[in-house]
Amino acid sequence: MNRFGFTITAVVLAGLLAAGAYLFGARSAGGVAGFAEVARIAQVRQLAPADVAAAVRSFVPPGKHDEYYMISSGGHGGQVLVVGLPSMRILKVIAAFANEPWQGFGYGADWSETILDQGTAGGNGRLTWGDTHHPALSETNGEYDGRWLYINDRAHGRIAMIDLRDFRVKQIVDIPNMQTSHGGVFATPNTDYVHVSSKVPTVWGGGYAPLDQYKDRYRGVSAWLAVDRETGRIDLARSFQIELPPYNQDLADAGKLASDGWGFINSYNTEMAIGGNMEGRPPLEAGASARDFDYLHIINWKKAEEVVRAGKFETRNGVRVIPLGTAIAEGLLYFAPEPRSPHGVDVAPNGRYIVVSGKLDPHTTVYDIELIKKAIAEKNFEGTDPFGVPILKFDAVVAGRVNVGNGPLHTQFDERGHAYTSLFVDSAVAKWTLGEPYFRGEAAWKLVDKVSVHYNIGHLATAEGDTVSPDGRYLVALNKWSVDRYPVIGPLHPQNFQLIDLAGPKMQVVYDMPIPNAEPHYAQIIKADKIKAWAVYPAGTDLRTMGRSPYAIERGKERIERRGNVVTVWMTSARSNFRPDTIRVRRGDTVILHITNTEKIRDATHGFAIPQYNIQMSIDPGETVTVRFVADRPGAFSFYCTEFCSALHLEMQGWLLVEP
Ligand code: K7E
Ligand code: CUA
């Protein structure tokens, strides 16, 4: 903008701001003069009025807290991100499936070692990474309750449980009969279950089967993982699974209110293409898009629960499985045609509408649970799939179709009956209206606004946007590409989150946030006051149980005991020393350190690292941690605290002496 034009803009801005200040009676401290100062800064920084308005919309003053937490997947970094909204400040990166030294996850701390080991089935060594896709906050009556968070590992059939009292992972479950996962995680409205389904069909029963036996030997699976309402942990013994045809089951969502008791899963590749582009077969992307329709899977999980209770299951790899034939015979599994290569499925706040988007179809297709129930009752089928699953008639179950644009993927909702759909190909977000009771007649099923994002959006999230009562207000676009939005930092560009203000009639992009690690997929946004996190652990807390560790000690009770070749050390850490600070062992001894951080004040975390031994722990105030290792390397090792915890932090060190 040239200087002249810019000055005009600044003058207009100053006028607007001054008028605003007058209207709001901002006459004292700062007052009109203060707003003139804002106009002056805007001019110096060459900001247009729209920029200033955008900045004010997302700005949270230093020392003030955000209104919302956004919990985002961290993609193939295997982590979970916690972001404050609307400021878009990163608050935490939670280690979930991948080792993280600075959080002491996977570098000796017993709680982390146990979780990583228990989260790996089979005998090929521990899995140390994952690809987090879909977080699910626990719910009570269809509202986020701020207690736990679940997230799946797309690379493996695994799920992690994070306790929101300390934002640390407490459990990883390697789900039997599932190699890769995608559908879900969703929580049922009271978190009786969290659901995950397979992404790619696996050899049923495990082991190997050639690809030409795909149809007979490969299967998908829908896993209903029972949650202990006291601890948030998953109990496989109370869980069950449903065998599915070997399609690619994709995204999934839980019914609520009108559709409570039901679950929905998209699928693609109902053609059962297996690739083989160098073997004379069509490439998978063509083979899997040959037909005009795939199948929305409609599951009556309350009925499935009864079927399991009646003993109509088989046990496979330690979990109860309802065979496909039983699921069909018992009437708990139906299909509805869904247009080409569907991706997202999202249930509207009242539970009545189920929104499906097909990547190759510019429409969102909206199913109505009342119509689905009616069609099932009237057996209004158009036939069955090759496995005998009844297919409901498309026209009988669809309430509306909305032309939203190219490459629709995922949908979220606001409090006024609007739906927001991400458009991957158009790099845009479409805002449209649902049908009754939100909008009637001409006003229903209508595209009402569209905003460009940068670029190639995947998921989007609105505040509490997948609950029974969304807040709307903010929308975050989780974009896959950032192209020219940031300075070049080498060929791998950051991912790009964009904050969109939903307050006015027009959606407005107000903030860009680069994500420097891996590719987030889904995110959920929860009101900050629902989270009741602990600032300090009660003295001697074991992170696994969140209760007192049997190895916790008070200051003054430190000691070293030797039994045979096992040396056990009860240690404390507090500013600014470890007690004891000298540990003498012989080469080959097993060393067990129980370390209690006896601090009682916020943020007084101490690290504990031993060079050459790959041991690094982060011990928060009140935490007790245990590390075991064999002192197989002789030498004098200076252990130290890795957190700059006090003025004498550098002195917070000691010796591990391993005599040869
Ligand atoms: Cu659309 Cu895995 Cu949720 Cu990514 S999936 S975008
Ligand atoms: Cu404790 Cu540095």
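Atoms within a ligand are numbered from 1 in the order they appear, just like the ligands themselves. All residue numbers refer to positions in the sequence shown, counting from 1.
Atoms of ligand 1 lying under 4.0 Å from at least one heavy atom of H410, given by number and element, are 1 (Cu), 3 (Cu), 6 (S).
Note on ligand 1: K480 sits in its first shell, one or more heavy atoms being nearer than 4.0 Å.
Not one N, O or S atom of H343 sits under 2.8 Å from atom 3 (Cu) of ligand 1. One of the N, O or S atoms belonging to H134 lies under 2.8 Å away from atom 3 (Cu) of ligand 1. For atom 4 (Cu) of ligand 1, the set of nearby N, O or S atoms under 2.8 Å includes one belonging to H521.
Counting just the N/O/S atoms of H459, the one with the shortest distance to atom 3 (Cu) of ligand 1 is named NE2.
The ring of F335 has its center closer than 6.0 angstrom to the ring center of H297.
A side-chain donor-acceptor contact under 3.5 Å links E519 and H521.
To the nearest 10 degrees, the angle centred on atom 2 (Cu) of ligand 2 between O in E643 and ND1 in H649 reads 70°. Annotation: angle subtended at atom 2 (Cu) of ligand 2 by C641 SG and C645 SG is 110°, to 10°.
A salt bridge links D250 to K199: one of the charged nitrogens lies within less than 4.0 Å of a carboxylate oxygen. A salt bridge links R401 to D361: at least one charged side-chain nitrogen sits closer than 4.0 Å to a carboxylate oxygen. The pair D174-R158 fails the salt-bridge criterion, with no side-chain N (NZ, NE, NH1 or NH2) lying under 4.0 Å from an Asp/Glu carboxylate O.
Atom NE2 of H343 is separated from atom OG of S422 by 8.0 Å, given to the nearest 0.5 angstrom.
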